[in-house]
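Predicted model, so just to flag it, every value in this text is computed and none were measured.
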Amino acid sequence: MKPDEHSQSLLTLSLLAILIGIMGGIASWGFRMLIGLIHNFLFLGEFSPYYDANVHTAASPWGVWIILAPMLGALVVAWLVKNFAPEAKGHGVPEVIYSIHYEGGKIRPVVAIVKSLASSISIGSGGSVGREGPIIQIGAAFASAVAQWVTLPVHQRVTLVAAGAAAGIAATFNAPLGGIVFAVELLLVSISATTLLPVALAVVVATHTGRFLLGLTPAFDIPALQMPTFEQVPFGELMIFIPFGLLMGVVSAFFVRGIYWAEDRFDSMPGNYYTRHVTGMFFVGVIFYLFQHFSGHYYVQGVGYATITDLLNGTLGNPWFLLLLFAAKMLATFLTLGSGASGGVFSPAFFLGGTMGAAIGQFAQMLFPELSIEPAAFALAGMVAMVGSATGAVITATVMTFEMTRDYNAILPIILSAVTAYAVRKRLSAESIYTLKLIRRGQPVPEGLQAAIDVARQVRDVMTPQFRVVSDGETVQASPQIGLQFQDNRIQGVIPPQVTLPTDASPQPYVVVSPNEGLVEAMHRMNLAEVDYALVSDNAEPDSVESIIGILSADDIARASRKTADLLR
């Protein structure tokens, strides 16, 4: 691509990213309002879109009949998913990753609509799922629709899909850095100025739009955690977070495997999608009603942010009750997602990590009274460890939790716990909660960043400079060297190695590339032309024999890839 064409292309991509950012911010606000509308109607009998998930829902006037709310929601969700968009089932992010790696960034526009409705109903009716997975899929679907509307090439389309997903999660959590890092860790297939610029623009615009519509406060507005003074964490206390991270890695692996175990169990049940999902949500309703009846709050229903706020405020101090909340939320999440709901895993993972962390912090405080242990710090570290290790997005979880709480004092325990938990989860379950879903379908995708060696290479770095020249009609014996057939100094085709002319085969077609051209661009051109050879020329007359300085073959590319494999294995 010429410099002027590249600049124009980047400008177009940037303008579209700004549009996607605006759409992402508005979609995040609209999604939140829709959840509020459904939640308030089903739980309180009120028609209002305003719902503060950080505050516990008042006891429903329906009493024990509130158990019917998630069952009713399950019927509608099953109908929407089954009839309009099967991709809307589950937590959404695997479908976005699949579209990037296998569909060239193409997502059906109807997915954005169905996902918005299905997820808002799942969450609003009390299902134990989060809103981040849906808004990621919604933002990605909007971006894909825009990219297909203007007929962008594949590499630009997948960049915009990543930008749309990042915009959605940044706006919904008021976490712009987390949105960018999420795209880098999980979605972008390459990282450069041409991919980071659109993502950053979409995230900034989406966050600004979201703040205008939803306010400036962080997701968890805990003034006690936002002290401007920094404190050194005592070394003895810091070391406790290593075994804590080991524990969270085991819990994370159980969470990852448990969700798909539950999904398999529900799939094997007699009946159909409707009956299975209604059954699962009946038990979810029973669980959160029992909590409300015996402890005063629903606790495990919905996104669970009110309980997380309690953890960070130090309101919940009984470690045994915290472990009960942990077990109940784990079961409710398995039932919700396993039976076929539509919603994300970030929020349940935050809840699980927070309750387990706060419980361990309480126990540690009892065992080591001489240390200044803060259970809230363990809750924060547990949240990051659980989300980071389960999803494979450790840096995203770390950055996003800081943006959501503004607590920098806990950053060292957070990092130590998160990376330890991630290493343990990788050992126990090689695939993350996102990639495992695709692996089960036979659709492998990379987890984590890898060195993009091929992107850095130029044609001159891989081509074969030695070749033979054969005139048209000349008899040629088999040779290990590639040949060029010519007539009147014009190239007619490529003679593969070990080919005898004129009896074995006719000369092969080719494309002409520059030695300074990127290897990926040359591979793209060879793929479009469906040829195995590219002639390398640095002359104004590329079809003349004298202008050819080398040949790039499929074997050369494969040989370079094998060398790259030594770095990545």
Side-chain angles (χ1 to χ4, degrees), residues 1-14 16-17 100-105 147 150-163 183-185 187-201 445-446 448-467 482 484 491 494 508-544 547-568:
M1 186 180 292
K2 297 179 181 179
D4 289 345
E5 293 176 348
H6 182 271
S7 299
Q8 186 176 1
S9 173
L10 188 58
L11 176 61
T12 301
L13 207 60
S14 299
L16 292 175
I100 289 173
H101 288 276
Y102 287 93
E103 296 290 331
V150 296
T151 61
L152 292 179
V154 172
H155 68 281
Q156 292 183 344
R157 188 163 60 238
V158 298
T159 298
L160 280 188
V161 167
V184 169
E185 280 195 290
L187 301 180
L188 288 176
V189 295
S190 66
I191 301 170
S192 64
T194 56
T195 57
L196 280 179
L197 179 60
V199 169
L201 286 172
V445 294
L449 299 175
Q450 296 185 345
I453 302 296
D454 286 342
V455 176
R457 287 189 174 115
Q458 294 182 325
V459 169
R460 67 167 67 252
D461 302 322
V462 181
M463 71 179 191
T464 299
Q466 290 83 29
F467 56 90
I482 296 176
L484 292 183
I491 300 168
V494 178
Q508 299 294 303
Y510 61 90
V511 295
V512 179
V513 298
S514 163
N516 300 320
E517 193 168 325
L519 177 61
V520 171
E521 178 65 24
M523 291 164 61
H524 174 65
R525 293 175 57 188
M526 291 169 68
N527 184 53
L528 287 179
E530 297 183 346
V531 299
D532 292 330
Y533 298 96
L535 305 187
V536 186
S537 172
D538 57 0
N539 193 284
E541 295 185 23
D543 286 335
S544 67
S547 73
I548 305 303
I549 63 173
I551 299 176
L552 177 68
S553 69
D555 287 342
D556 295 325
I557 296 170
R559 194 177 302 112
S561 296
R562 288 196 295 270
K563 292 180 180 179
T564 302
D566 290 335
L567 298 176
L568 301 180

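With contacts defined as side-chain heavy-atom distances shorter than 4.5 Å, the pair Leu484/Tyr510 does not qualify. At least one side-chain heavy atom of Leu196 sits under 4.5 Å from a side-chain heavy atom of Val184. A heavy-atom distance below 4.5 Å is not found between the side chains of Val513 and Met463. Within the 4.5 Å cutoff, side-chain heavy atoms of Val189 are placed close to those of Ile100.
Contact between Leu201 and Ser14 at its shortest, heavy atoms only, is CD1-CB, 3.5 Å. For the residue pair Val511 and Ala529, the shortest heavy atom distance occurs at CG1-CB, 3.5 Å. In terms of heavy-atom proximity, Ser544 sits nearest to Ser547 at O-OG, 2.8 Å. Heavy-atom minimum distance, Ser537 versus Val512: CB-CG1, 3.9 Å. Between Ala193 and Pro198, the shortest heavy-atom distance links the atoms O-CD, 4.2 Å. In terms of heavy atoms, Ala560 sits closest to Val462 at CB-CG1, 4.1 Å.
None of Leu13, Val199, Val150, Thr195 except one satisfies the side chain to side chain contact (heavy atoms under 4.5 Å, CB included) rule with Leu160; the exception is Leu13. When each of Leu552, Val494, Asp555 is paired with Tyr533, the side chain to side chain contact (heavy atoms under 4.5 Å, CB included) condition holds for Val494 and for no other.
The backbone N or O of Asn516 lies less than 3.5 Å from a partner atom in the side chain of Gln458, making a donor-acceptor pair. Under a 3.5 Å cut-off, the side chain of Arg460 and the backbone N or O of Val536 do not form any donor-acceptor pair.
Within the model, atoms CE of Met526 and OG of Ser553 stand 7.0 Å from one another, a figure rounded to the nearest 0.5 Å. Between His155 atom NE2 and His524 atom NE2 the span is 7.5 Å, to the nearest 0.5 Å. With rounding to the nearest 0.5 angstrom, the CG atom of Asp532 is 10.5 Å from the CG atom of Asn527. Rounding to the nearest 0.5 Å gives a distance of 9.0 Å between CD1 of Ile551 and CG of Asp556. Atom-to-atom distance recorded for Glu185:CD and Ile191:CD1 is 9.5 Å, nearest 0.5 angstrom. Residue Gln156 holds its CD atom at 8.5 Å from CG of Leu16, rounded to the nearest 0.5 Å.
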